[in-house]
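As structure tokens, the structure follows; a few thoughts come after it.
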2 protein chains.
Amino acid sequence: MKLYWRKEKVYHWVKQCLATTGKGPFMQNPKIRNMEEFAKASGISRPTVSKYFQDPMSVRRSTRERIETALRTYDYQPNIYAMNQNRRRTNSIGIIVPNLADPFFTEIGRVVELACIDAGYSPIVRSSHGKPAQETANLEALKALKPAGILLAPFGRASDRDHVRAFAETVPMVLFDADIEEAGAAFVGTDNVQSIGLMTDYLCRTGEPPCLFEMRTPLNPNANKRRLAYLAGMERHGHEPRIVHAEGSGWSIEEFGLREGRRLLEDGAFPSRTILCSNDRLAIGLLSAAFGLGIKVGHGSDCELRIAGHDDHPFSRFTCPSLTTIAQDYGAIAELAVQQIAQVIETESMPCEREISLFDGKLVMRESA
Amino acid sequence: MKLYWRKEKVYHWVKQCLATTGKGPFMQNPKIRNMEEFAKASGISRPTVSKYFQDPMSVRRSTRERIETALRTYDYQPNIYAMNQNRRRTNSIGIIVPNLADPFFTEIGRVVELACIDAGYSPIVRSSHGKPAQETANLEALKALKPAGILLAPFGRASDRDHVRAFAETVPMVLFDADIEEAGAAFVGTDNVQSIGLMTDYLCRTGEPPCLFEMRTPLNPNANKRRLAYLAGMERHGHEPRIVHAEGSGWSIEEFGLREGRRLLEDGAFPSRTILCSNDRLAIGLLSAAFGLGIKVGHGSDCELRIAGHDDHPFSRFTCPSLTTIAQDYGAIAELAVQQIAQVIETESMPCEREISLFDGKLVMRESA
DNA sequence: ACGAAAACTTTGCGCGCGGAAATAATATTT
DNA sequence: AAATATTATTTCCGCGCGCAAAGTTTTCGT
């Protein structure tokens, strides 16, 4: 691997440091070192300034304006470490998702993060990088930051469930996306029974009843719920349910969908020409396999195969053909999860009953089914 | 939107809290409140314990073992806020990427994060969510955390360049992926001249010389370098360069590739049947457009169009057909970026000269070209 | 076994803020 | 205008740790 080194202009860090002391590029006024000095400069007592920074609306309007005027002049911000050391509780909420490399979790993580900010908290997002052990490590690392609460999207089956349950006794916690029974104050997610039921209905009404394509050993507990929902849906329509498994373990879901899909298609092993995939990533791989084998996928009369997914993956709009799928209501899930953790934090008490809230998924009809 | 509420078992937060005081689920020993108490419990003086936590190898082996034995018994961890308040510098490195929703940045962000951990720092990853203003906000927010250094993948053209430059005078900073001239101590990235040159060579040798498909107003400065590299490459081969622009602004790159690609394909507006896309996301959209129009893409003799990308997007393996592209050396970039920021941090001085390090891209031959 | 070097202990200050209590000033009500 | 309620000030302590200096013990080399 070739490596180029180019040199540019010369300048010195230490010099710059000295030069910016006192009069830096950001301010034209004498440096404020702490709240004491800022209070003096703004003509307000330190405890009142402290009060302002905890909640600007807790001080009188005239006081607030004087502080904010000084703030514009002096560019002071309280030392976050001193604050967090002394406050009853920090203002931060930990957000843990199984794998930020999965666009589904990137998206829901982002929405949850924004919901936290809207609610006045400081979100700290951590990815478990696909490794259940990292989930435990993330919880422990977060403990050191003494967050006011934790929003956890757990692996589920692969999580250290007892650790999560015990941890939830220590810090307010709300689960989302995937549930662990009796862990934390609440769970918020999508109603897989409804969403898969909806998709099953749609597929049964518009053509051959679907078979289900899923991982043999799914990491996610939602996969199990989806299977049950598929079975129920097929029974409701009086059709024989048929399940096809993809082998493989890990997070290369598309890879498994491609490899196993190709094998199964070549062998004619799919018992139906309509395939409902347990999630979009699997469907993306399967679409790729079908394309490679020259199999025309779609809902048209000239098509040999129908493929549907679940989750409305960011790329499902650009697959070939575009993927018919179920869209989860990220926004509603995030908002309610934050609302519930906020309630636990602010009342300093768990709700009397652990609440499970499930939102409906929406059918997104595209080309593939 | 329907919403289900289910109720589960009843238990009380406050009770649990009281119950875990003293003897919780995590420890069987009396609670340690601070380093003083832990020092007493381990039979070592507090300053030595403090020294241990700053660098375990800085104390004698026997001392280390006594502390670690106590550590296993008492489950103590130093207050991170008190530490960060009093240490000369924190142990954290801020990592800012333009958009974690873009799998390219998710991936490089993850690799940089891991490289930081390997180097003994605590990474803090922030996404600018596709908004240049958020980049500035992230820098300011990070300032409050007093990081030892910052690794910034800037927007580039859209960044507040002067703010970044001024900021880099305040905190050690190394740029990666995209450069801003004379900002920070160093830049590490991919050599677009080499990588696009490589791709241009490949395409010219194996068929019709490519035209370039790019955004009219690219957010990323790398796009400009790639255009220049394309022009140089075509000139080298004695071919007339031809550039086709996609309209649109924002981060829905695939969407623009699909929409504009469809329009251009329908109009027969591409001046070559080989199309080099400025990046994979654009290529993904264009592939989708070609598929929709029934245009066969690939390097085979029966194909009407060849399409190539750049970046080896996680999904480029699963497009239809799979995408021929350039893979960047994430690992090398991340490692060197961390190494350089570590040097600035540890020597407390900028290198005499701003270093620009560029790694080669690798050609990934797949089906599309 | 001796001296020097290294590691540890003791002591004490300081960081920048939160929080509490008593007091003083200002707003609002009647 | 006086009485009350609200808000701000003054004063003080505490949080949990880093850091430094001086003194003591342990380790290591010869």
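- Across the interface with DNA chain C, nearest-nucleotide mapping of N34(A) and R88(A) shows N34(A) to be the residue nearer the 5′ end.
- Residue contacts for P78(A): at a heavy-atom cut-off of 4.0 Å it reaches the sugar-phosphate backbone alone, with no base atom in range.
- When each of K131(A), R161(A), Q134(A), E135(A) is checked for a side-chain contact (heavy atoms from CB on, under 4.5 Å) with F155(A), only E135(A) meets the rule.
- When ring centroids are compared, F38(B) and Y52(B) stay outside the 6.0 Å threshold.
- Of the side-chain N and O atoms in T48(B), none sit less than 4.0 angstrom from OP1 or OP2 of dC8(C).
- To the nearest 0.5 Å, atom OG of residue S122(B) and atom CG of residue L145(B) are 11.5 Å apart.
- R60(A) places its CZ atom 7 Å from the C1' atom of dA27(C), with the value rounded to the nearest Å.
- Distance, N86(B) CG to dG18(D) P: 7 Å, rounded to whole Å.
- Each of N84(A) and K51(B) was matched to the nucleotide of DNA chain C holding its nearest heavy atom; the match closer to the 5' end belongs to K51(B).
- Candidate nucleotides dG16(C), dT9(C), dG18(C) were compared by shortest atom distance to the side chain of I44(B), and dT9(C) ranks first.
- Distances shown here put a side-chain N or O of Q54(B) below 4.0 Å from the OP1 or OP2 atom of dC19(D).
- Within the 4.0 angstrom heavy-atom criterion, only backbone atoms of the sugar-phosphate kind lie near S50(B); the bases stay farther away.
- Comparing N79(B) and P47(B), the nucleotide of DNA chain D nearest to each residue sits closer to the 5' end for N79(B).
- Atom-to-atom, CD of E36(B) to C1' of dT10(C) comes out at 11 Å; the value is rounded to the nearest Å.
- Rounded to whole Å, the distance from CZ on R33(B) to C1' on dG14(D) is 13 Å.
- F176(B) has its ring centre no less than 6.0 Å from the ring centre of Y330(B).
- Note on Y76(A): only backbone sugar-phosphate atoms sit closer than 4.0 angstrom, heavy atoms only; bases stay farther off.
- Test I341(B), L175(B), V171(B), V174(B) against I150(B) for side-chain contact (heavy atoms from CB on, under 4.5 Å) and you get one pass: V171(B).
- Rounded to whole Å, atom C1' of dT7(D) lies 14 Å from atom CG of D55(A).
- Note: OH (Y52(A)) to P (dG19(C)) measures 18 Å, nearest angstrom.
- Put simply, NZ on K40(A) is 14 Å from P on dT9(D), counting in whole angstrom units.
- For the pair Q85(B) CD and dC19(D) P, the computed distance is 12 Å after rounding to whole Å.
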